[in-house]
Amino acid sequence: MSFALVDGNNFYVSCERVFNPRLEGRPVVVLSNNDGCAVSRSNEAKALGVKMGAPWFQMKDLARKHGILALSSNYALYGDMSQRMMSVLGQFSPEQEIYSIDECFLGMDGFSHFDLVAHAQAMRHQVRQWIGIPVCVGLAETKTLAKLANHVAKKGLIPESDGVCDFGRLSATERTTLFESIPVGEIWGVGPQLTKQLTHRGIGTVESLRRADPKVLRREFSVTMERIIAELNGEACVDMEEVTPVRQQILSSRSFGSYVSDLASLSEAVASYVAIAAAKLRRQESLAGRLQVFIRTSPFRQDLPQHAQAVTIPLPTPSDDTLLLTRAALWGLRRIYRPEFEYQKAGVMLMHLLPATVGQPDLFHAVRNNDALMQVVDRINATWGRGTLKSAAEGIGKPWGMKRERMSPRWTTNWTEIPVAK
DNA sequence: TCTGGGGTCCTAGGACCC
DNA sequence: TCTGGGGTCCTAGGACCC
């Protein structure tokens, strides 16, 4: 088997730079919702020590001192740029798995007569020219190794690699030397906890994990660890997933722009999250058997009284009806709500999903379910934008809504915000 | 003042079945 | 001292990913 992993460099920042060249060469970060944490950083920002996920309010001094520019996240822009990038990359292989907003795997089986490195350079060039996003490419015989090769390409660990790394071109000893220099935590699937436990056992590098006994580590950790070791040794255990599998749960939650303690605002928020989740549910043609509502205060504010609670509501029959789901959610919210707390976040999770075609309607389905209405709502919102048609329970002004003070325009998805050349 | 959102997989343990 | 064997389903919690 042979895989390529293509990954956009500092993806959100790169999207912003496409439409605002003044960001080029400067330290830039893109913040999470509510302008909370740094989730994408330009190389210049990384060099200044801005860590992934660092709370922005703690970095204000650093930002002032070095002129770091911060932007609110603009998912309309990133989502659209992602689709464009993926469609260009999809032309370089018959098999493509879109793994996240900024990366995809390409199946490279049958490309053995190609110069893979030249092929990868062609991808980089094409994406850069047509979309404006810089990407790196990793090539290897398993997905785990392709991810690792991508890391090597991005960090420039092999001189003159120029954004592409093909493990197939390394001799056995070159591989060993390289793997001995990479910490075990860089491996796909090895997070902070496993890094700590592995290092404790004297397994601190990629090479030492590759040579570890898979049976022993399976007993001490889990099958996942055994698979990782096999993949590091070139035995492919994880195949391409070309059709995105339907979700098994759908979650919609947000932090509030400021703390909320009244039931009316919480109800509006919960109703809004139900609408988002239910629309996703209908798009994948599923029904939900259960719905969970949760609310919580800020865990970072231990100086304030804490409350976090969830309630799961089994639905009488599986449903995808926003109005019915909203009623269930608000019923649940009233059960867990306590007026004396300052809530920071609420959310709704749809669970026990099953395909709409096998859902068993009960005798009163036709009178109670709003199938036709939902279709109209989805169609109108698809044409005119999310939230054009909504339930009154969602509220109008949404004063509890997200803080986004530094948002760039939706350059590519909204006629009124399209860039103008003067 | 201010700390993201949305997922998956795996394991353990309890309830329950015959 | 010793109390069957084999299975499913569900939930909670932990770890990981981007």
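We name chains A, B, ... by the order of the sequence lines, and we start the count at 1 in each one.
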Heavy atoms only, 4.0 Å cut-off, all strands: where does [X] land among base, sugar-phosphate and nothing?
| X | result |
| --- | --- |
| A:L194 | sugar-phosphate |
| A:Y273 | nothing |
| A:K345 | sugar-phosphate |
| A:I187 | sugar-phosphate |
| A:R227 | sugar-phosphate |
| A:K280 | sugar-phosphate |
| A:S252 | sugar-phosphate |

_Mutual orientation of the aromatic rings belonging to A:W188 and A:F105 [parallel < 30°, tilted 30-60°, perpendicular > 60°]_ = tilted
Between [X] and [N], is there a contact of a side-chain N or O with OP1 or OP2 at under 4.0 Å?
| X | N | value |
| --- | --- | --- |
| A:S255 | B:dG5 | yes |
| A:R290 | C:dT11 | yes |
| A:K147 | C:dC18 | yes |

*Determine, stepwise, if the pair A:N381 / A:K390 fulfils side chain to side chain contact (heavy atoms under 4.5 Å, CB included).*
CA-CA 9 Å; A:N381 287 343; A:K390 59 189 177 190; over 6 Å; no
*Grab the CZ-P distance between A:R296 and B:dG4 for me, whole Å please.*
7 Å
*Dot-bracket for DNA chain C: what is it, with Watson-Crick or G-U pairs under 3.5 Å, [ ] where a pair crosses earlier ones, and | for a pair to another strand?*
....||||||||||||||
*Check every atom of C:dC18, B:dT3, C:dC16 against the side chain of A:P192 and return the nucleotide holding the closest atom.*
C:dC16
*Side chain of A:Y259 only, please: which of B:dT3, C:dC16, B:dG4 is the nearest?*
B:dT3
_Please determine whether a side-chain nitrogen of the Lys or Arg among A:K143 and A:E97 lies less than 4.0 Å from a carboxylate oxygen of the Asp or Glu._
yes
